[in-house]
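Have a look at the structure below before the remarks.
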Amino acid sequence: MRHLLLATRNSHKTREFAEILGADFAVRDLSGDPEAPVIEETGSTFAENAILKAVALSKQFAEVVVADDSGLEVDVLQGAPGVYSARYAGPGATDDENIARLLSELRKFADNRSFTARFRCLLALARRGEVIDTFQGVIEGTIVDPPRGNTGFGYDPVFQPADFTQTFAELPSAEKNRISHRARAIRSLRGKLLI
Ligand code: ITT
């Protein structure tokens with residue numbers, strides 16, 4: 001059994017990590033450590049933010065630390081919300097508020113085009129304050145309006161992966177966790193951890 005500390009307070013991410021990594025890994029996050037520092041995401045890329053989180057937390061904890069920085073990039077919005085995905089509608093915004101802001105931006109385009117987008121996930125692996133490696137996963141798709149489905153989190157109800165007719169929030173979690181940006185990044189990470 002390998003132990004991993006996830007530098008996240010997002011329990012949805014933690015659940016997906018546990019499902020994707022499987023029984024060889026014991027995963028815990030920061031929910032049990034309220035005194036762990038909150039790291040400000042001041043980077044301009046997912047990689048910078050993932051590294052900031054992983055390095056800072058790995059100075060405080062003995063285990064191998066993995067940080068996930070991820071988000072949605074919409075082409076017609078020049079890649080927004082991108083690194084601001086969690087706070088697109090403002091600091092502390094809920095998922096529903098972020099989706100509402102996204103759809104209101106897209107409704108400004110009067111035509112009925114399909115809006116291409118992708119989810120991107122960057123993982124940083126660190127130990128004792130040093131980055132060991134980073135891993136990336138991407139999934140392409142389109143934005144749907146109105147939102148559909150109620151599984152998952154974040155922008156899942158408005159993201160329909162390419163070659164699927166359901167959104168991430170309509171697909172069973174096992175299917176999302178087979179094809180997602182996070183699944184792709186975690187599979188590369190897993191390979192490194194098992195060496
Ligand atoms: P931590 O920093 O504590 O890990 P966070 O939720 O703030 O948690 P990020 O800064 O990486 O994490 O922001 C990621 C946001 O991107 C997340 O809040 C969602 O809005 C969106 N997102 C990322 N992955 C997603 C997924 O699989 N499905 C839907 N939305 C996702």
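Whatever order the structure lists them in is the order used to number ligands and atoms, beginning at 1. Please read all numbers here as calculations on a predicted model, not as lab measurements. Note that the numbering runs from 1 along the sequence shown for the chain. What you see below is based on every heavy atom in this structure, not just the backbone, and it leaves out hydrogens, waters and symmetry mates.
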(request) With S70 as reference, evaluate R120, Q136, R182, H181 under the side-chain hydrogen bond (donor to acceptor under 3.5 Å, both in side chains) test and give the passing residue. (result)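 So, applying the side-chain hydrogen bond (donor to acceptor under 3.5 Å, both in side chains) to S70 and each of R120, Q136, R182, H181, only R182 qualifies.
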Got the closest protein heavy atom to [atom], with its distance?
atom                    : value
atom 28 (N) of ligand 1 : D156 OD1, 2.6 Å
atom 7 (O) of ligand 1  : A86 CB, 3.8 Å
atom 5 (P) of ligand 1  : K13 NZ, 3.9 Å
atom 27 (O) of ligand 1 : K176 NZ, 2.8 Å
atom 1 (P) of ligand 1  : T8 OG1, 3.3 Å
atom 3 (O) of ligand 1  : R9 N, 3.0 Å
atom 23 (C) of ligand 1 : S70 OG, 3.2 Å
atom 6 (O) of ligand 1  : N10 ND2, 3.0 Å

Could you tell me if the side chain of [Y] sits less than 4.5 Å from the side chain of [X], heavy atoms only?
X    : Y    : result
L106 : L77  : yes
P172 : T151 : no
F115 : D75  : no

(request) Check whether any side-chain N or O of K192 sits under 3.5 Å from a backbone N or O of D133 as a donor-acceptor pair, and report yes or no. (result)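 Such a contact is absent between K192 side chain and D133 backbone.
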(message) Keeping N49 on the side-chain end and G43 on the backbone end, is there a donor-acceptor pair under 3.5 Å?
(response)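 Pair found, side chain donor or acceptor close to backbone of G43.
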(request) Ignoring angles and geometry beyond distance, decide whether E41 reaches within less than 3.5 Å of ligand 1 through its nitrogen or oxygen atoms. (result)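 Yes - when backbone and side-chain N and O of E41 are compared with those of ligand 1, one distance drops under 3.5 Å.
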Does [X] have a non-hydrogen atom less than 4.0 Å from ligand 1?
X    : result
D68  : yes
H181 : yes
L72  : no
Y155 : yes
K53  : yes

(message) Applying salt bridge (Lys or Arg N to Asp or Glu O under 4.0 Å), can you list everything that pairs with R28, at least two apart in sequence or on another chain?
(response)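 Scan of R28 (salt bridge (Lys or Arg N to Asp or Glu O under 4.0 Å), adjacent residues dropped) gives D33, E63.
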(request) Enter the distance from E19:CD to T14:OG1 here, rounded to the nearest 0.5 Å. (result)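 Nearest 0.5 Å value for the CD-OG1 distance: 12.0 Å.
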(message) Below a 4.0 angstrom heavy-atom separation, can you tell me which part of F119, side chain or backbone, both or neither, approaches ligand 1?
(response)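 The side chain, only.
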(request) Quick one: sort the F159 and F168 rings into parallel, tilted or perpendicular, breaks at 30° and 60°. (result)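 Ring orientation of F159 relative to F168: tilted.
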(request) Would you kindly say whether D29 and S31 are connected by a side-chain donor-acceptor distance under 3.5 Å? (result)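 Side chains of D29 and S31: pair found under 3.5 Å.
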(request) May I ask which of F153, F168, F159 has a heavy atom nearer to atom 25 (C) of ligand 1 than the others do? (result)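 Minimum heavy-atom distance to atom 25 (C) of ligand 1 goes to F153.
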(request) Identify, by atom number and element, the atoms of ligand 1 in contact range of S85, meaning under 4.0 Å from any of its heavy atoms. (result)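 The list of qualifying atoms is 15 (C), 16 (O), 20 (O).
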(request) Just jot down the ligand 1 atoms closer than 4.0 angstrom to any heavy atom of D69, in number order. (result)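 Listed by number with element: 9 (P), 10 (O), 11 (O).
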